Structures are given as C-alpha cells and as structure tokens.
There are 2 protein chains.
Amino acid sequence: MDKKYSLGIDFGSLSGRSLLVEVETGLEVACVVSNYKHGFIEEKLPATGEVLPPDWTLQDPQDYLDVLAETIPEVLRQAKVSASDVIGIGVDFTACTVLPIRSDGTPLCFLPAYRSNKHAYVKKWKHHAAQDEANMLNKIADDRGEKFLLRYGGKISSEWLFPKLWQILNEAPEIYGAMDHFIEAGDWIVMQLTGCRVKSSCAAGYKAIWSKQEGYPSNEFFKALDPRFEHVVEEKLSYDVKPIGGKAGELTEEAAVLTGLLPGTAVAVGNVDAHVAVPAVGIQKPGQMLMIMGTSTCNILLSTNEINVPGICGVVEDGVLPGFVGYESGQSCVGDLFDWFVHHCVPAEYKQAAESREISIHQYLREKARLQRPGESGLLALDWWNGNRSVLVDVDLTGLLIGMTLATKPEEIYRALIEATAYGNREIIETFEQNEVVIDELYACGGIAAKDDFMMQIYADVTKRPIKISDSVQTVALGSAMFGAVAAGEAKGGYDTIFEAAQTMPHLKDIVYKPNPEASMVYDQLFAEYKILQDYFGRGENDVMKRLKKIKRVSRNHG
Amino acid sequence: MDKKYSLGIDFGSLSGRSLLVEVETGLEVACVVSNYKHGFIEEKLPATGEVLPPDWTLQDPQDYLDVLAETIPEVLRQAKVSASDVIGIGVDFTACTVLPIRSDGTPLCFLPAYRSNKHAYVKKWKHHAAQDEANMLNKIADDRGEKFLLRYGGKISSEWLFPKLWQILNEAPEIYGAMDHFIEAGDWIVMQLTGCRVKSSCAAGYKAIWSKQEGYPSNEFFKALDPRFEHVVEEKLSYDVKPIGGKAGELTEEAAVLTGLLPGTAVAVGNVDAHVAVPAVGIQKPGQMLMIMGTSTCNILLSTNEINVPGICGVVEDGVLPGFVGYESGQSCVGDLFDWFVHHCVPAEYKQAAESREISIHQYLREKARLQRPGESGLLALDWWNGNRSVLVDVDLTGLLIGMTLATKPEEIYRALIEATAYGNREIIETFEQNEVVIDELYACGGIAAKDDFMMQIYADVTKRPIKISDSVQTVALGSAMFGAVAAGEAKGGYDTIFEAAQTMPHLKDIVYKPNPEASMVYDQLFAEYKILQDYFGRGENDVMKRLKKIKRVSRNHG
C-alpha cells in the first residue's frame, strides 16, 4: 500500500500554512507558508479609505481563501505526493476571529452592498473595541449570578464572540440584521471546504461561553443585555456544536478545484491553534501541561473532572481532547517582553558586539546571562508589561523591576525578565495544584521552546518539573494534520481516535530539561519574593499600577 | 585704593583649583585647576606594588601640595594680580579625607620608615574598608544609649574619622602609635599654610562626632570600643576646634615661597566643600535650603535651634555659618543614576541620533523627555540605586521601577528617574517640615543646577518651591574665597563677617525656576504613590530589597 498523508492547515495572525505529514510516522514532508495580503486592517478600511477607530483590527477573509489556493497545491508539488494519497484534512485558526456570513457561507464583506461597512469584515482576536460591551456583559452576568462566569476565571474578555457580536448590534444594526450567522473563521474555513456548518466545541467552549452540559447562556441573560439580543443564539448561532476529534464533512467538488485535493477527502472539525498542539506533542492524559511559547504563552492542561480554578481563562469539556476537560490559561507577555527589552534597553556596544559576531542580540545577551548564577543579580521582576492573564486576570497591571544598583548590567535585567515569566508560569501551576488539578510534567512547543535551551532550563529549575520539547517545526499544523488523519479513520489508512494518532505521529526532542536542585533551591526563595510582590500589587493591597494608569490617561487627555 | 582679591582653594575628589575673586564685587577673575597626579590609589600601593584590599581608597598628600604650588602662582599670573593685593585665603576640602601626621605636620607616608605601609597614607572619603569598625561602633553606641547618635540620624558612617582611625589601630598599631595626630586633609592644608593646627568646626561636627555643647564622645565610650582607644581624643586629636568664619592664622614664610603669596596673608579656618557653598549663593538665614547637585546631592540648611530630625546626616552648631545650626542631608545617587541609565539602557538608534546631531545622549534624551507631560508615562521609580542617605539612612536599599508596558520608551524611563530624585528631595524637605524646620526656598549649585533647566523645572514642580541658581562657575571655591576675605577683615579691605561678604560677593542667575501649579498637582498624586512605596520597601514592611541582596551575596560566594 502507498504511504498515506494528512494535511494540517494552520491559520495564524498574519499568515497561514499547509503542512503535509506522513500518517504512519508523523514525518513532516513539506510545509508552505503564505502571508495574508491585507495583514491586519487597523488604520483604514481599504474599500473606502475610512479611518478606523482606536483598538479596531479587521481582516479580509479573501486572504484565507488565498492561503488554501496557494499553499495546498504547492505543498503537494513540493512533496511529490498525489492528491489520492491525502486521506484527511485538519484546520486550526486563531480563536476569537469572527465574521458575519450569509447562510450559504458568503461573508457579508464580499457583497457589494456591505463592502464599505467596516462591521461586515472579520474581527480579529486583537480587535479590542468591544470593551464597553464586555464590561457591561460581565457586570450584568455578575449581578445575575450567572454560573458560567466561574468557568472563565470570573471574566469574559472583549476578544470573545458575544461582545463582538453585541458591538455590531449596537453600532451597525443593519449588519446584524443582514447576517444569517456569526461564525469563527476556523469554522468558516471548514464550511468552505465541506459545505457543512459545524461549530467546533473548542472555539465554542473557550470563546463563546458554551458548555457541553449547559449550552450557551440563557435567552433571559441575553435579554438582560439588550432586548434585541434575546434570541441571538437561535438567530445567529443556529448550527451544531460538534466535539473536536470528529469529522465535519468531506471535501466538496468546488473546494477540490480550489485546493487540488480529491472530492470526498475527510475534513476534521475545526480547532483552535493553541489547543490543537496538545496531541501533537503526545499528551493524552491529565497531569501533563503544554506551554505554547511565543510572543505570549498559552498553557493547556487536561483533567478528568471539571473544577473551577480561579484565574484560569477557561475550562471546557471536550475542548482539547474528547472525553477530557481541557483547561486554558496563559501569560500575555513572554517573547514580547524580551523583544521590548532588546528594542528599548540594550546599549550600542552590545548591539555592535552582536553584529560583529553575526549573532542575534538575543543570543548575545543570553550568552552573558548564562554565566550568571540564580540570584546573583539581586534583581526581581513582575512580568506584567502586558497585564496578567492568569491567574490575576487583570489587563490593567503593569511591569515592575526591583533590586537595581549602579552595577546592574543589561544582561542581568534580561535574565530577570526571563525568570519573571518563569515565576508567572509556576504561579499558574501552583494555582492548579492548590485546586487539586495535578501537574507532573511540562511539554513545550513554539519558537522559544525550539530554540532557547537557556530559557527552558530556567523554566525547569523554577517550576521544578522536567520539560519535554516538541521536535516539530510546526507543532500546531502537525496537530491539525493528526485530526485530519482521525477524520479519515483507520479504514482509510488513518486512525480511529486522536489517542491512537498521538501514539505514533508526535516526535519529541531527545533532550529533556531536568530541574537542577541547587538552582531550584535559590529559585524557591526568589519565587517566594515574587509571590509577596504579586499579591501586594495584584490583589488590591496597593493598586498603584491602576492609579498610575489613571493618572496617565488623565494626563494624555489634557494634552 | 587698589582692588583687593581673595583666593578660594577647593580640593575635590580628583583635582584641586584656585579661584581668585575680587573682594568688593565677587567677580571671579581667574581659576586654575590641577589634577592629582596619583588620583585615587585603589588597586596597588605605588611605593611597593602591594595589592590593596577591596573598598580601599587612598591618596598621596604630595598631590595636594602640588595643587598649591601649581595653581596659586598661575592664577595670579593669569589674573595679572599682585600678591600684595591678595588679602585672604580660604580652603575647603572633601570631608572624611584623613591622614596620620607628626606633630610638625609631616604626613607619615612622607617618612621612609612608613612609606611602604598603606595605613600611613590619606584615607579618602570613599575608603569603605572600615565598615566592620563602623558597625561595631554603632552597635556599642546604641547599646549604651549614646545621645550623639541622634544628631546623625541614628548612624555613624564608615566614611567618618573614628571608624577609619580605629581601623588603623586594629590593622596597623605601629602606625597608630607613630602618629601624633590624625587630621582632616582640609585642616592639614591650613596647617601647611599657617603652621597652626586648627580643627574646623564644620569637619569636626559633621564627620568626627563633635559638638559645640558636648565636645567629642566620652573616654568611657571609646574605652568600650577598645581599651587602647580610651584616650584617642587627647592622644590623637589634641588640637582646638575653631568655628568656621574665623581666621586660622597667617601665611608662613615657607608657604609664601611655595605659593607666591605674601607672608602674613590671612588664612581662614578650613571648610568642607559642600557646606562652604552656602554663603556663596547668598544664603544667610534659616528657611533657604542649598542643593549641591552632581553625581550625588548634598543639602544644607540653616536653623536657629537644634532639632533632631530623623534620617538627617548631621546637625551641627556653627557647622555652616557661625551662630546657626546647620543641617546636612543628602541623596546618594543623582547624576550617577542618569549616567548609569545612559551607559546601560539606551538603544543604539538613540546614541546614533545624538551623535549625528553632535549633542550628548543626555541632551537627546532630555529633548524627548521634555515633550512628555507629568504622569503621562505611567512610570514611577524609587531612586535607591545607591541606597538611601536621607531620610531612610540605609545603604542596603536598591532601585525600583514600576508601571512599564510594551509601549514604554527609554526617554520615559529617563524622565521617571529624574522625577524619582525630585521625590526623594521632596521627602527630605517634608521630613524637615514635619519636625518644624521650615523650608521656603531652594537654591542650587553644581553641574546639574548650572546646565539642566529641564531637571530644575521638575524639581520646582515636584517640591512646589522656587529654585534660585548660583551663577558662579565654581560656587564652592567662591565660598572659600569669601571666608578668606572674612579672615582678612574689613580693615584689610575684606569683611568682618561672612554675612557681610554674603551681601555682595554671590551672584545668582537671572532665571528663577517657579513651580507650575498644573504640573505640581499631578506630581502631588505621584509623590503620594512614591511615599507609599517608600514606606513599604524602606521601613520594614517588605524587606525584599535586603533579602535579594542577601541571596545575591550567598549566590556569589557559592560561585
């Protein structure tokens, strides 16, 4: 029998990619990336030149279709694989990326009547202009004692589906009226491929306040928000939620023409880009937490029963792997923090020295930071340059650095920032454990995990847990390919469950970062100090960070 | 009558200078600077090559004699002034700069028998190797309830005379035995000029635990330190303390040959470099605080009665101007903090932009920082990179920066550091006022005051007081020249009191920095936050800074 392949299509913030994987071995045969032509639409609406308000981030869904058309035929060509050997397709997308469509799947922004209306476009996760709606929603939910808040650490984010949809109702009721559905872009791609409108349990659970047991919030709740919003679920979300790990449908004739694949190819239920990585590192059971580390870090963890852990972004049954409860938590500023530092705080000599050796400034700083022993700098930081997602759930917190002397060097600050993100991670782990959700082992994937052994060792020393690293270049896309192989099923050369796929397809690096007990002993002391400062500045004892932000706002408005 | 002149000789840390001033008008006619040939002796003793222990800083007193020989004849030559028109000489020196001498004034290190003994040399103020002695002295003084501690904010510094002298007794008893006197370098210069051994009330009061009412600490106290130390005052300090503002003596034949001045020229009692600047800006009464601003800031303030203000470095009757009590307080890290920042935290683009415009990086940053409104950055700092001198008197405190986001820019941090030093200054002012020592007006001199209008405006806005600036290029040396004119007296063309000299000789810049009420309103809010953080981190509620220092020490020792 010929080798069989599965295709993982991963839609990120600014690009999409197709990864072709050998189903039996998990070998990554070829990968093709394509950037979105319109990128983020944040300043002006291209169709009209209209200036967009602050905090708006749109995209044009045509860019996603172009990814399908450009990367899939090309990845087949590069891999020299015949379409007949591709048995399944999996899709993942950044969550909270939502658009209004007609019942046939046409985005409203494709229609001439709505092309010039900014609310007809995709609202990206980082579209933060529905904050007023989110605040009101949280207040009303809290007043009404809505239980669902507990599943989301007590707060619904402005990034999520309902605040964005409510914003449309408030600001563009004509668009609200004209849409038949409001859909996650991942589900929309699956619809483009299969013709089937299927809502992924992952996106629904983590970003649309849905749960397997309770469904969506009640009509009474939505009515309390706005009488026009009472029947929002029936009117705008009237499609089935299907658990991830299942098959959404099969490739249509039309999609086959677009992609060069065969009609009838199995397509999996859509997934969220972070969550889909879990099986791709081989995680199949509780106790193993995955850290997807990049500009920010997303942590995913399985459990057998649903416990409401305070300060966690979300807990969803069937949200990550079928049959398990999946927890999502995260840190909103990791790689971004180190990038901020190298752009704003590194002296010219360092930059020149790095350039003359043709290494990156990050590498240069890490070489120097590596020579320090834990605790040697006397520095400590709170890693809240972009607020705190878990476990404080507070976007208004800001960064702190303490312990500087006239002898403090840039590489010491750099190391303190890395350590601070590790303390933030340990705080997440300890919060889980205090709520009887055990974490024995860590897995990591993403750019930082792949490249940065210095940082990973610090994470092992701080968290006092071994860390295993994905050996995939595109762990997320690999996860989607695995779900594609499961959608195909064993009879077609795939797998019947994601657990079977997870036995053979993932690959880990040989190295496992093991905690060094001597370093851990020092980090225990430093983490104790971090906790004291976290509680003091993050839990209301001294709200100076919020007051400084308020002074800042007033000062800017007076300018 | 010919114009009369007075000479101010100012000995700094690394150079000395002679300033010739017209007595009637205060006009600065000429100034000649000479660097010390040996600079700081910190690594090896030149005579033997012996490696010096950590925290040692010596000087060779020959360098001071060279300043006299090189700068005085040259300043007369440049000014085209005859020695016969120079009526008086004033001398000031960095305090805590002490040396062992024979009764004829010969430094022990000039004698072949002691030339190779490091304890025979000048110990500079920044010689910090007598910390053990200082700690022990403070502990015993505290145990015994010695009242003198109250005059010094509760703590004697390792920089001061007695710890250094005790260190000699402990480590080099042969030097202790061989010295007839242990003397401040300023008093030693006066002795070189006049042959008279006169201890200045200023140096004695601020740095040798002497007071006009109480004299030195008791023999019992010194005995409690070490039985051999019981009679230290009679044995090693047996010379009169004279109030500043008086005449120490007249120029000897020998000194006349050395300097080119006439024998018999009046020489004032020696002074300390910061304190002597007070009359040089025209301050003659309580309520006006002088800030001498450079790498660190020294604050001097007059009062009519002695109140023990907590956290103040020293309060001395006749210490600054005769008939007044003088308070000294200070901030240990001002210009040094901004220098640290530009050396370690400013990106290459900024450096290049400054270079291409041929301005200093400080100037470049200030141009950008000037465009910000108070409070606009959302940042706040505690200015403790080099500990806190006043009012917390704690060298183990360290720096703190709070409020950073991913949008924080270097110039915002830079401005936050400047503001932090201003808050530290305001805290000193408020501590005085809480203890009923009033401060209405601020005066400033030193490099920062002369050049930095941006920073001076922030100081005015934060302290909510007008600030007047010295117009002298060498305010300190001008002060010494004024005391020289007073030593000469009115009959010789000088003045009978320093108060009369202070009516005519000082000059202020035309500009007075006046507080901007709108800025002050914002700074009131920020200062309130500074106070909360100061008290939390500086008064024992959270000693994290000290604990981090301890972890740092342990970590370094394990390396």
Side-chain angles (χ1 to χ4, degrees), chain A residues 333 336-337 339-340 342-352 372-380 382 384-387 398-410 413 518 522 525-526 528-529 532-533 536-537 541-542 544-545 547-556 558-559, chain B residues 333 336-337 339-340 342-352 372-382 384-387 398-410 413 518 522 525-526 528-529 532-533 536-537 542 544-545 547-556 558-559:
Chain A
C333 184
D336 274 351
L337 179 54
D339 279 340
W340 172 84
V342 300
H343 285 131
H344 293 96
C345 308
V346 173
E349 311 89 82
Y350 281 50
K351 203 181 159 206
Q352 281 154 15
Q372 300 160 35
R373 281 178 293 281
E376 193 183 334
S377 72
L379 296 176
L380 184 63
L382 292 176
W384 302 342
W385 266 247
N386 194 18
T398 57
L400 177 137
L401 184 64
I402 191 170
M404 291 79 83
T405 72
L406 291 173
T408 296
K409 296 202 180 69
I413 300 178
E518 226 178 289
V522 180
Q525 297 170 54
L526 292 169
E529 301 296 344
I532 295 170
L533 293 176
Y536 179 71
F537 288 109
E541 201 176 340
N542 183 351
V544 56
M545 291 169 178
R547 290 191 299 268
L548 287 172
K549 273 206 169 176
K550 199 173 156 194
I551 292 170
K552 178 173 169 172
R553 271 195 301 274
V554 172
S555 164
R556 294 209 165 162
H558 280 193
Chain B
C333 184
D336 274 350
L337 178 54
D339 279 340
W340 173 84
V342 300
H343 286 131
H344 293 95
C345 310
V346 173
E349 311 89 82
Y350 281 51
K351 206 183 158 205
Q352 282 154 14
Q372 301 160 35
R373 281 178 294 280
E376 192 183 335
S377 71
L379 296 175
L380 184 63
L382 292 176
W384 302 343
W385 266 247
N386 194 20
T398 56
L400 176 137
L401 185 63
I402 191 170
M404 292 80 82
T405 71
L406 291 173
T408 297
K409 296 203 180 67
I413 300 178
E518 224 177 290
V522 179
Q525 298 170 53
L526 292 169
E529 302 296 343
I532 295 171
L533 293 176
Y536 178 71
F537 288 109
N542 182 352
V544 55
M545 291 170 179
R547 290 193 298 269
L548 287 173
K549 273 206 168 177
K550 200 174 156 195
I551 292 170
K552 177 173 170 171
R553 272 195 300 275
V554 172
S555 164
R556 296 212 163 158
H558 280 196

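First the proteins, then the strands, lettered A, B, ... as listed; each starts at 1. Basis for what follows: all heavy atoms, side chains included, without hydrogens, waters or symmetry-related copies. Nothing here was measured: the structure is a model prediction, and the numbers come from that model.
In this structure, OG1 in B:Thr405 is found 8.0 Å from CG in A:Asn386, a value given to the nearest 0.5 Å. With values rounded to the nearest 0.5 angstrom, B:Leu379 atom CG is found 11.5 Å from A:Ile551 atom CD1. Atom NE2 of residue A:His344 and atom CD1 of residue B:Ile413 lie 9.0 Å apart, to the nearest 0.5 angstrom.
For B:Val346, the part lying under 4.5 angstrom from a heavy atom of chain A is the backbone only. If you measure heavy-atom distances from B:Ser377 to chain A, the contacts under 4.5 Å come from the backbone alone.
Ranked by heavy-atom pairs shorter than 4.5 Å toward chain B, the options A:Pro410, A:Ala407, A:Ala528 are led by A:Pro410.
Residue B:Ile532 comes nearest to A:Arg547 through the heavy atom pair CD1-NH2, 4.0 Å, listed as atom of the first residue, atom of the second, then distance. For the residue pair A:Leu406 and B:Cys333, the shortest heavy atom distance occurs at CD2-SG, 3.8 Å. The two atoms that bring B:Pro374 and A:Ser555 nearest to each other are O-OG, 3.1 Å, heavy atoms only. When all heavy atoms are compared, the tightest approach of B:Ile402 to A:Phe537 is CD1-CE2, 3.5 Å. Across all their heavy atoms, A:Lys351 and B:Ala348 have their closest contact at CD-CB, 3.6 Å. Taking every heavy atom of both residues into account, A:His343 and B:Glu349 meet most closely at O-OE1, 4.0 Å.
Surrounding NZ of A:Lys549 are more than 12 heavy atoms belonging to other residues, nucleotides or ligands, all under 6.0 Å away.
Each of B:Arg553, B:Arg556, B:Lys552 was evaluated against A:Glu376; a single residue qualifies, B:Arg556, per the salt bridge (charged side-chain N to carboxylate O under 4.0 Å, His left out) test.
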Go through B:Thr408 and A:Trp385 one step at a time and tell me if the side-chain contact (heavy atoms from CB on, under 4.5 Å) criterion holds. CA-CA 9 Å; B:Thr408 297; A:Trp385 266 247; 5.5 Å; no

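A:Asn542 is listed as a side-chain neighbour of B:Leu533, based on a closest heavy-atom distance under 4.5 Å.
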